[in-house]
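Encoded as structure tokens, the structure appears first; notes follow it.
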There are 2 protein chains.
Amino acid sequence: MRIGELGWATGVDVETIRYYEKAGLLPVPARQANGYRDYGDKHLERLAFIRHCRVLDLPLVEIKRLLELLSEPSAACDDVDHLIEGQLERVRTRIRSLRALERQLCVLRSCCAAPQTAAECGILHELVTSAHHEAIAINRAGR
Amino acid sequence: MRIGELGWATGVDVETIRYYEKAGLLPVPARQANGYRDYGDKHLERLAFIRHCRVLDLPLVEIKRLLELLSEPSAACDDVDHLIEGQLERVRTRIRSLRALERQLCVLRSCCAAPQTAAECGILHELVTSAHHEAIAINRAGR
DNA sequence: GTTGACCTTGTAGCGACTACAGGGTCTTTA
DNA sequence: TAAAGACCCTGTAGTCGCTACAAGGTCAAC
């Protein structure tokens with residue numbers, strides 16, 4: 001099948017497919033007589049795998065490693081554990097960080113009482129004040 | 001003060017400060033006789049503001065808008081509400097997405113029973129299977 | 001004078017795409 | 001047959017927000 005069909009089958013943009021090929025994630029495919037790329041089931045399965053890993057937010061370099069392990073059936077699979085554990089930890093850290101950010105934004109939003117001018121804006125006032133306090137704190141902490 | 005001192009006072013890297021200046025977030029500063037940038041309190045406060053907004057994960061383009069509003073005291077501040085609401089919504093969406101991702105990764109991690117080879121790896125097996133099912137689902141949904 | 005910290009401008013790179021530009025191929029329709 | 005539109009190709013550049021050089025200048029301390 002041609003690249004558009006592969007993209008249609010996997011939900012991956014054709015330009016992204018070409019990018020993955022260039023990045024070494026997808027093997028160079030055969031070509032039709034007119035120069036068009038010609039993909040088979042192997043590419044389809046491999047690209048679906050890559051996409052699934054991307055949905056899991058795994059970086060390409062780690063996806064590459066997983067693909068290597070898939071092609072080395074006798075290799076030890078502790079790398080796989082480590083990759084997934086690492087990713088899980090990153091996700092958890094990010095959730096905590098975003099939770100804190102959500103709380104801050106909620107506080108900030110509550111500074112807004114009613115439509116008014118920028119000069120009277122509670123949110124802007126709070127942003128400026130918080131920034132000022134943070135700069136002072138940095139100075140005290142010796143950054 | 002020179003750029004290093006400004007960076008020290010705000011916790012922002014000197015290269016990032018120069019980047020912000022180039023991006024139009026910071027006004028072009030005065031220069032000392034030796035060509036070094038010379039910053040005053042105005043720049044300090046402004047950069048602290050920018051940094052604080054970055055901590056809130058606001059994109060630079062929105063920070064720029066907020067800075068504009070700060071310099072137009074008579075402008076209506078509903079833009080500020082919109083920016084903060086928008087950011088809050090983005091953060092919440094991202095949290096939900098990461099939560100789902102966390103659950104997936106936990107399921108995936110539980111596929112790992114013991115150290116074994118890649119051929120027997122429960123995680124890899126699950127990744128491949130899930131990718132396959134997703135590709136089929138995409139076909140059914142007409143993507 | 002030397003050394004090391006700091007400064008300058010300009011360019012390039014990171015990660016993961018995404019969007020052209022310029023040109024070729026193929027099918028359908030008038 | 002020609003035109004139009006969809007699809008394809010390679011190569012380059014851009015997005016976002018930094019971050020890291022390269023090459024060279026400035027300054028203070030030793």
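In what follows, chains are A, B, ... by sequence order, proteins preceding strands, each numbered from 1. Reckoned from all heavy atoms, side chains included, excluding hydrogens, waters and symmetry mates.
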Inset, instruction - Could you check whether Arg54(B) gets within reach of a base, just the sugar-phosphate, or nothing at all, counting any heavy atom under 4.0 Å? - result: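 Contact class for Arg54(B): sugar-phosphate only.
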
Inset, instruction - For Pro59(B) and for Arg2(B), locate the closest nucleotide of DNA chain D by heavy-atom distance; then report the residue assigned to the nucleotide nearer the 5' terminus. - result: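 Whichever sits nearer the 5' end wins; that is Pro59(B).
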
Legend entry - Earlier contact from the 5' end, DNA chain D, for Leu60(B) and Glu15(B):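 Comparing both residues, the 5'-ward one is Leu60(B).
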
Using a cut-off of strictly less than 4.0 Å, decide whether [X] has a side-chain nitrogen or oxygen near OP1 or OP2 of [N].
X: Arg37(B); N: dT9(C); value: yes
X: Arg31(B); N: dT9(C); value: yes
X: Asn34(B); N: dC7(C); value: no

Identify which nucleotide among [options] has an atom closest to any side-chain atom of [X], counting heavy atoms from C-beta outward.
X: Val14(A); options: dC26(C), dC7(C), dC8(D); result: dC8(D)
X: Thr16(A); options: dT19(D), dC9(D), dT18(C); result: dT18(C)
X: Tyr19(A); options: dC8(D), dG17(D), dA16(C); result: dA16(C)
X: Lys22(B); options: dT9(C), dC8(D), dT11(C); result: dT11(C)
X: Arg18(B); options: dC9(D), dT8(C), dC17(C); result: dT8(C)

Quick test of your reading of the model: are [X] and [Y] salt-bridged, counting only N-O distances below 4.0 Å?
X: Asp79(B); Y: Lys64(B); value: no
X: Glu5(B); Y: Arg2(B); value: yes
X: Glu102(A); Y: Arg96(B); value: no
X: Glu62(A); Y: Arg90(A); value: yes

Nearest-Å distance for atom pair [atom1]/[atom2], residues [X] and [N]:
X: Glu5(A); N: dA6(D); atom1: CD; atom2: P; result: 17 Å
X: Ile3(A); N: dT25(C); atom1: CD1; atom2: P; result: 17 Å
X: Glu21(B); N: dC18(D); atom1: CD; atom2: C1'; result: 16 Å
X: Asp13(B); N: dC7(C); atom1: CG; atom2: C1'; result: 14 Å
X: Leu47(A); N: dA16(C); atom1: CG; atom2: P; result: 15 Å
X: Ile50(A); N: dA16(C); atom1: CD1; atom2: P; result: 12 Å
X: Glu62(A); N: dG15(C); atom1: CD; atom2: C1'; result: 13 Å
X: Gln32(A); N: dT25(C); atom1: CD; atom2: P; result: 13 Å

Legend entry - Identified side chain to side chain contact (heavy atoms under 4.5 Å, CB included) counterpart of Arg37(B) within the set Gln32(B), Met1(B), Glu21(B):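 Exactly one option meets the side chain to side chain contact (heavy atoms under 4.5 Å, CB included) with Arg37(B), and it is Glu21(B).
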
Inset, instruction - Confirm from the modelled atom types if Tyr36(A) and dG24(C) form a donor-acceptor pair under 3.5 Å, side chain to base only. - result: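 Present.
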
